[in-house]
Structure formats: structure tokens, C-alpha cells
Amino acid sequence: MAKYLAQAIVLGAQVVGRAFSKALRQEFQNAQQAQRAAGGGRQGAKRAASDSMMGISVQEAKQILNVDKLDKELIEKNYTHLFDVNGKKKGGSFYLQSKVYRAKERLDEELREADVKSTKEKRKEDSAS
């Protein structure tokens, strides 16, 4: 009886160990894939850190606000509409309203980064001339 109990414990530990190692490997693969999708190298690491800090990726934010490009006016228009529609007074969901807010916040951050990058490039061009 004790022999079977010991075998069951050992077998259970092996199964849990394999599952844990498989989950860990999968997590590493997902992290590497996310970094590659974000642009790879230093840029990918920067974007992955930004996504982690903001809690939402640029792609997800674009889907929430239903925009294809980073167009400030379209983002603002869709944000205003979705935020108002999901307001408490209209029987909307606070969760959805906060997702819309976070999506706009993330895209605003991306627009700010793009503006800073273009400003730096202009300064380089001006100083080279």
C-alpha cells in the first residue's frame, strides 16, 4: 500500500514538473515573439516595456478605438463617442469606459513619441545643412 502511494506521489510530482517546465518555456517563447513583433532589438525591448507599463499594446488600443493609423483627430472623435456611449448615465459599462480611456492614453503616448522622434530628425537635418 505504501509502495503504491509513493509511486503515485512520484508520478504526480513528475507530471507537475513537466507541466511547469512546459509553461515556462512557452512564456519565454511568447516574450521573445512579442519582442520581435514590437520591432526587435532595442526598439522591441523599449516598446515591450512601454506596453507593460501602460498595460495595453498599441495594436490593442487601435482595435478598441477602431482606428488603423495614428490620426489624432480620428482618435479623438472615436474616443469621445465611445467614452460617452459607455457612460454611467447612459447605462454603459465603467469597465468598457476605462478600456476606451486607456486605449486613448496609449495612443496619445505613441503620438508623443512619434513627435519627439520627428523633432529630433528635423534637428539633425537642420544641423547637417
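From a predicted model like this one, the values you see are computed outputs, not experimental measurements.
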Gap between atom [atom2] of [Y] and atom [atom1] of [X] - 0.5 Å precision:
| X | Y | atom1 | atom2 | value |
| --- | --- | --- | --- | --- |
| K77 | L82 | NZ | CG | 10.5 Å |
| T80 | I75 | OG1 | CD1 | 11.5 Å |
| D115 | K120 | CG | NZ | 12.5 Å |
| K62 | I56 | NZ | CD1 | 12.5 Å |
| E27 | Q29 | CD | CD | 10.5 Å |
| E113 | D108 | CD | CG | 11.5 Å |

TODO: Look at K72 together with E76 and state whether they make a salt bridge at an N to O cut-off of under 4.0 Å.
DONE: no

- request: Taking only Lys NZ, Arg NE, NH1 and NH2, and the carboxylate oxygens of Asp or Glu, determine whether E109 and K104 approach each other closer than 4.0 Å.
  value: no

**Asked** Where the side chain of N86 meets the backbone of L96, is there a donor-acceptor pair that is under 3.5 Å apart?
**Response** no

Can you tell me if R106 uses its side chain to pair, donor with acceptor, with the backbone of A61 under 3.5 Å? no

Practice task
Carefully, step by step, assess S21 and R25 under the rule side chain to side chain donor-acceptor pair (under 3.5 Å).
Solution key: CA-CA 6 Å; S21 66; R25 271 186 261 125; 3.3 Å; yes

For Y79 and V100 the tightest heavy-atom approach is CD1-CG1, 3.6 Å

A side-chain contact here means heavy atoms from C-beta on lying under 4.5 Å apart; do [X] and [Y] qualify?
| X | Y | answer |
| --- | --- | --- |
| Q7 | L11 | no |
| E110 | L70 | yes |
| I64 | N78 | no |

Within the supplied structure, the quantity of interest is the number of heavy atoms (other residues, nucleotides, ligands) at a distance under 6.0 Å from D68 CG; does it exceed 12?
no

* To do: Go through the steps to decide whether E60 and K99 satisfy the test salt bridge (charged side-chain N to carboxylate O under 4.0 Å, His left out), and finish with yes or no.
  => CA-CA 10 Å; E60 185 180 1; K99 285 296 257 186; 3.4 Å; yes

Could you see if L65 belongs to whatever hydrophobic cluster contains L111? Use Ile, Leu, Val, Met, Phe, Trp, Tyr and a side-chain cutoff under 4.5 Å. yes

